[in-house]
4 protein chains.
Amino acid sequence: MNDKHKHILEAAEQLFAEKGFNGTSVRDIAGAAGVNIAMISYYFGSKENLMIALIDYRSEYTRDILEEMNNNKMLTPWDKIEKLIDLYVDKILNNYRFYRIMTLHLATSQSDEIREKIIEIKAGNFELIKKIILEGQRKNVFRKIDMELTIGTVMGTIAQVTSSRSLYCKLLKIDIKDDDGYRKKMTLKLRTHLKQMLKAHLHIQNT
Amino acid sequence: MNDKHKHILEAAEQLFAEKGFNGTSVRDIAGAAGVNIAMISYYFGSKENLMIALIDYRSEYTRDILEEMNNNKMLTPWDKIEKLIDLYVDKILNNYRFYRIMTLHLATSQSDEIREKIIEIKAGNFELIKKIILEGQRKNVFRKIDMELTIGTVMGTIAQVTSSRSLYCKLLKIDIKDDDGYRKKMTLKLRTHLKQMLKAHLHIQNT
Amino acid sequence: MNDKHKHILEAAEQLFAEKGFNGTSVRDIAGAAGVNIAMISYYFGSKENLMIALIDYRSEYTRDILEEMNNNKMLTPWDKIEKLIDLYVDKILNNYRFYRIMTLHLATSQSDEIREKIIEIKAGNFELIKKIILEGQRKNVFRKIDMELTIGTVMGTIAQVTSSRSLYCKLLKIDIKDDDGYRKKMTLKLRTHLKQMLKAHLHIQNT
Amino acid sequence: MNDKHKHILEAAEQLFAEKGFNGTSVRDIAGAAGVNIAMISYYFGSKENLMIALIDYRSEYTRDILEEMNNNKMLTPWDKIEKLIDLYVDKILNNYRFYRIMTLHLATSQSDEIREKIIEIKAGNFELIKKIILEGQRKNVFRKIDMELTIGTVMGTIAQVTSSRSLYCKLLKIDIKDDDGYRKKMTLKLRTHLKQMLKAHLHIQNT
DNA sequence: CATGAATGAGGGTTCATTCAT
DNA sequence: AATGAATGAACCCTCATTCAT
């Protein structure tokens, strides 16, 4: 995995995010990366293997962050939720293209191997959040809530922001081409919104 | 728009939902609908026009329900939110294929015309919910919250359930092929979860 | 199987005979037949299926002749051998391209389906000749000989004439491009040679 | 021409015999020989040159044997025919891969240079046998027969056994993978059959 | 001397669409 | 009104070969 590999993966990532896997041709990728078409097969074997390599490439990063988060033993459950929201929102918005690709691929059937890989990763994230909430419930600070859908809400809200970007750009009057502006604004809004909502949702009310 | 048109649209809907727009060939659609390949071009002009026709076909239905909801003047803001959640969850889960297609299409660029159409519809839904929340805030029963992201949460949570179905089937141990079982279970869970969460999120706490 | 099918098959036959299966591209065939490249897939599904169709097309003819031969009950075993040589030499030299293709395909592995088909046909021919010789042996006019290799000799000699045509053209000083001249000369020579040789080989000597 | 050259040639020989020239890729050869892909071009210049080198490599061996045979002046014409059959059958069956390649290449056009080379070699063999038969005819022990086709029969019968191996394995119930078994059985059968048949064919009958 | 990296050309196949009937 | 036949364009991939190191 050298720099050229990464360069191709990043070109592919952008195109996959914009036009989907099937909407992107190997020629497009080669063109965007400035390499010969045959190079893609030479490096990755096939278009599908390139996709798998992309997932591996980006997931490394993800896994590291999640593990780091999980190992911190000094925090209260709510601290952890807040930290998780911060990290998670940052991570996803900074890799919004990749997350859009994952969501797109998960929704459509395509290759089983790829889908299994994505499910595995997402299921891992699920487990992490689940643990934190369960800990809070054991310590009697979190309510009993629908675990799967609460996590679905966190993921779904962030996913919504990445996959319906064009909608939000219109609603919030952000230039559709201003990647940075969108990311910065949304990072802040998401952090605040999710924390506020989850606090109300999770915390036992002290009447 | 005769019965044969509708039959083709419904076959296309299923395939688009399963394999995406680009992953579905006109041959596939013709095969599934049991009509001649040339028929699709003959009826709809092009594959893209078929997609637009599909959106129009399904959106009619959607718009009707939303307008009906909006016109009911007898309900409190929270009643409306609850009713909206019920209707919305039902509507989306019963048309999950179509919603998945919309989400997929919104995420990828594809044709501008189609994207604009989808944004227009989604923006309409946004406006509806916004009005209800604003009304609740005017009546001092709802808190000040991030309007766009609260609505994003509602939509995103439901979207999550439709687009990550294979993930949820795994987590909840539902047979991936049991469409009905998934829909019924998720309808209930979503209604309960969203109401509980939005109640905590929206309502001003009476200490 | 209309005229266009046959036209493509005959173009393919010539090219396969000249350059082999792998040496001939679908584009070559389409070009030679004067049809669109996509036509080959449209008509035959794949290049390999085209080969199978070609074998079927030519074998129909073969089977008819062999059955006709087999049903004639008026002839002595040696009459039958002579008749068989005549018919067989004619048939192969008039379809020398096809027979060359069969031999080429049988020698290399390629597709199992195709090879099995060819073996089946050749094995059928084997059985026919075997029956005639056995009948002659029962009637005490033919010697005990190596059945498989005697038939191999008949087939091999004819095959040699079709597959090593360029060698024979050189040896016999025939213009390599004079298809008709080669066929006529060789038909005569083969008939005479095989009959003379088999007579000496098969017939019990009356001392 | 060092050991590595020979190693590559032998790997190529096996693959060419199995899958034909066009059916074998340079990658396949490099893989089978355990060398770098670029090595083939580096050593032989091109795939076609490799083929020529292979023919040269194997033909050396062939020519030696044939010359040795030709120089033995102590034998009767029929002794020579018998010896020639023995040597020839052995030689071809022990190099059946190579002979199959030659036949394949002779049948298809491919490169003129290669075909000319093969014709030259085969024509040489022809001349050798021709000389022996002519000698027998001069001594009045051999009949007048079709010289070209009699030789064609010898070559064709052996060629048949090498090129239609899968057919004979089926007919004689030999395991297709048992190279040694096939070679041994066929060597014996061919020697006996060809001698018996040629004796009847060539010898003047003493009534 | 040997090779990993890279490439232009071409491979077979499928695509959405058109058109004569 | 409906369709079978046909097509140009594009698909992903593999080919034999080259070249800098």
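Heavy-atom basis, side chains included; hydrogens, waters and symmetry copies ignored. Predicted model only: the values in this text are computed from it and were never measured. Residue numbering restarts at 1 for every chain, and letters A, B, ... go by the order of the sequence lines.
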Residue A/M39, side-chain heavy atoms: nucleotide from F/dT14, E/dA6, E/dT13 that is nearest: E/dA6
Spacing of A/D28 atom CG relative to F/dA9 atom P, expressed in whole Å: 18 Å
With a 3.5 Å cut-off and heavy atoms only, can you find an N or O donor on one side and an acceptor on the other between the side chain of C/R27 and the base of E/dG10? no
For B/Y42 and E/dT17, is the shortest distance between a side-chain N/O and OP1 or OP2 below 4.0 Å? no
Decide whether B/E10 and B/Q14 meet the rule of one side-chain donor and one side-chain acceptor closer than 3.5 Å. no
Please tell me if C/Y43 has a side-chain N or O lying less than 4.0 Å from either OP1 or OP2 of F/dA6. yes
DNA chain E: 5'-proximal contact among C/S41 and D/V35 (nearest heavy atom): D/V35
Which of these nucleotides, F/dC13, E/dG12, F/dT17, is closest to any side-chain atom of C/V26? E/dG12
At less than 4.0 Å, is any side-chain N or O atom of A/K4 found next to OP1 or OP2 of E/dA6? Yes or no. yes
In whole Å, what is the span from the CZ atom of C/F44 to the P atom of E/dG12? 15 Å
Length of the CG-P vector between A/L15 and F/dC12, whole Å: 12 Å
Measuring from the side chain of D/S46 (C-beta onward, heavy atoms only), which nucleotide among F/dC12, E/dT17, F/dT17 has the closest atom? F/dT17
Within this structure, what is the OG-CG distance for the pair B/S41 and B/N36, rounded to the nearest 0.5 Å? 10.0 Å
Starting at the 5' end of DNA chain E, write a dot or bracket for each base, bracketing those in Watson-Crick or G-U wobble pairs whose two distances are under 3.5 Å and using | for partners on another strand. .||||||||||||||||||||
Just how far, in rounded Å, is P of E/dC15 from CD of B/E48? 18 Å
C/R97 side chain to C/F16 backbone, donor-acceptor under 3.5 Å: no
Which of these passes side chain to side chain contact (heavy atoms under 4.5 Å, CB included) with C/E13: C/R58, C/R100, C/E18? C/R58
Between CD1 on residue C/I114 and CZ on residue C/F21, distance to nearest 0.5 Å: 5.0 Å
Nearest whole angstrom, please: distance from the C1' of F/dA9 to the CD1 of C/I37. 10 Å
Under 4.0 Å, counting only non-hydrogen atoms across every strand here, what does B/I40 touch: a base, just sugar-phosphate, or nothing? nothing
Return yes if some donor-acceptor pair links the side-chain N/O of B/H5 with the main-chain N/O of B/N2 below 3.5 Å, else return no. yes
Grab the CD1-P distance between B/I29 and E/dT17 for me, whole Å please. 10 Å
Output the rounded distance in Å from CE (B/M51) to C1' (E/dA16). 17 Å
From NZ of B/K47 over to P of F/dA10, roughly how many Å is that when rounded to an integer? 15 Å
Side chain of C/A38: nearest nucleotide among E/dT7, F/dT17, F/dG8? F/dG8
Pick the nucleotide of DNA chain F nearest each of C/N2 and A/T24; which residue has the one closer to the 5' end? C/N2
Is any side-chain nitrogen or oxygen of D/N36 closer than 4.0 Å to OP1 or OP2 of E/dG4? yes
At less than 4.0 Å, is any side-chain N or O atom of D/S25 found next to OP1 or OP2 of F/dC15? Yes or no. yes
Minimum heavy-atom distance C/T24-C/K47, with the two atoms named: O-NZ, 2.8 Å
Hey, does the side chain of C/N95 reach the backbone of C/F98 with a donor-acceptor pair shorter than 3.5 angstrom? no
